[in-house]
A.B. asks: 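Below you will find the structure I want to go over with you.
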Amino acid sequence: MYKDAHRYRSAEELSFAFSLLLFQPLARVDAAVLFEALWNETNDAATACLADAAAFSYIELLKDMDRRWRHVRTLH
């Protein structure tokens, strides 16, 4: 699939982790730290598989994460 495949979670796993993050009762600052870590992991996975069609699922996830994070008013 892509180099160092064992190093990265799938786009589906990262999407699920992001959805869970949005529903955690965290302070915005703490959530932002976790968001950045998920963002970086997703970006690294996308970069690692740019020559593969799998990159598209990571890129779409990054777009979705950006859109959803920008519209979060409060965290539960």
A.B. asks: Compare every heavy atom of A55 with every heavy atom of A46, then report the nearest pair and how far apart it is.
C.D. replies: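 A46 and A55 have their closest heavy atoms at O-CB, 4.0 Å.
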A.B. asks: Distance check, rounded to the nearest 0.5 Å: Q24 atom CD versus D30 atom CG?
C.D. replies: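 Answer for the CD-CG pair, Q24 versus D30, is 10.0 Å.
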A.B. asks: Side-chain heavy atoms under 4.5 angstrom apart, residues restricted to Ile, Leu, Val, Met, Phe, Trp, Tyr: same cluster for L34 and V29?
C.D. replies: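 No; V29 is not reachable from L34 via cluster members.
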A.B. asks: For a 4.5 angstrom cut-off between non-hydrogen side-chain atoms, does L14 reach Y58?
C.D. replies: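 Contact flag for L14/Y58 side chains = yes.
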A.B. asks: Tell me the closest heavy-atom pair linking A48 and Y8, and the distance in Å.
C.D. replies: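 In terms of heavy atoms, the two residues are closest at CB-CE1, 3.6 Å.
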A.B. asks: Parallel, tilted or perpendicular: which describes the rings of F35 and W69, with under 30° parallel and over 60° perpendicular?
C.D. replies: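 Rings of F35 and W69: parallel, as their planes differ by under 30°.
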A.B. asks: Are M65 and F23 connected into the same hydrophobic cluster when the rule is that any two of I, L, V, M, F, W, Y join if their side-chain heavy atoms are below 4.5 Å apart?
C.D. replies: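 Yes: a chain of side-chain contacts under 4.5 Å links F23 to M65.
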A.B. asks: Which residue, R68, K63, R70, forms the side chain to side chain donor-acceptor pair (under 3.5 Å) with D66?
C.D. replies: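 That would be R70.
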A.B. asks: Once side chain to side chain contact (heavy atoms under 4.5 Å, CB included) is applied, do any residues pair with N43, and if so which ones, sequence neighbours excluded?
C.D. replies: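 With neighbours one apart ignored, the set is T47, L62.
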A.B. asks: With rounding to the nearest 0.5 Å, note down the distance linking CD in E12 to CG in L61.
C.D. replies: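 One finds 9.0 Å between CD of E12 and CG of L61.
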A.B. asks: Quick one: pull up CG in L38 and CD in E13 and give me the separation to the nearest 0.5 Å.
C.D. replies: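 Those atoms lie 12.0 Å apart.
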A.B. asks: So, S19 side chain and S15 main chain: donor-acceptor pair closer than 3.5 Å or not?
C.D. replies: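 Yes, the answer is positive, given that a donor and an acceptor are paired below the 3.5 Å cut-off.
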A.B. asks: May I ask you to say whether D64 pairs ionically with R67, meaning some side-chain N is under 4.0 Å from a carboxylate O?
C.D. replies: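 Yes, this pair counts.
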A.B. asks: When clusters are formed by joining ILVMFWY residues with side-chain heavy atoms under 4.5 Å apart, either directly or through shared neighbours, do V72 and F18 land in the same one?
C.D. replies: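 Shared cluster, yes.
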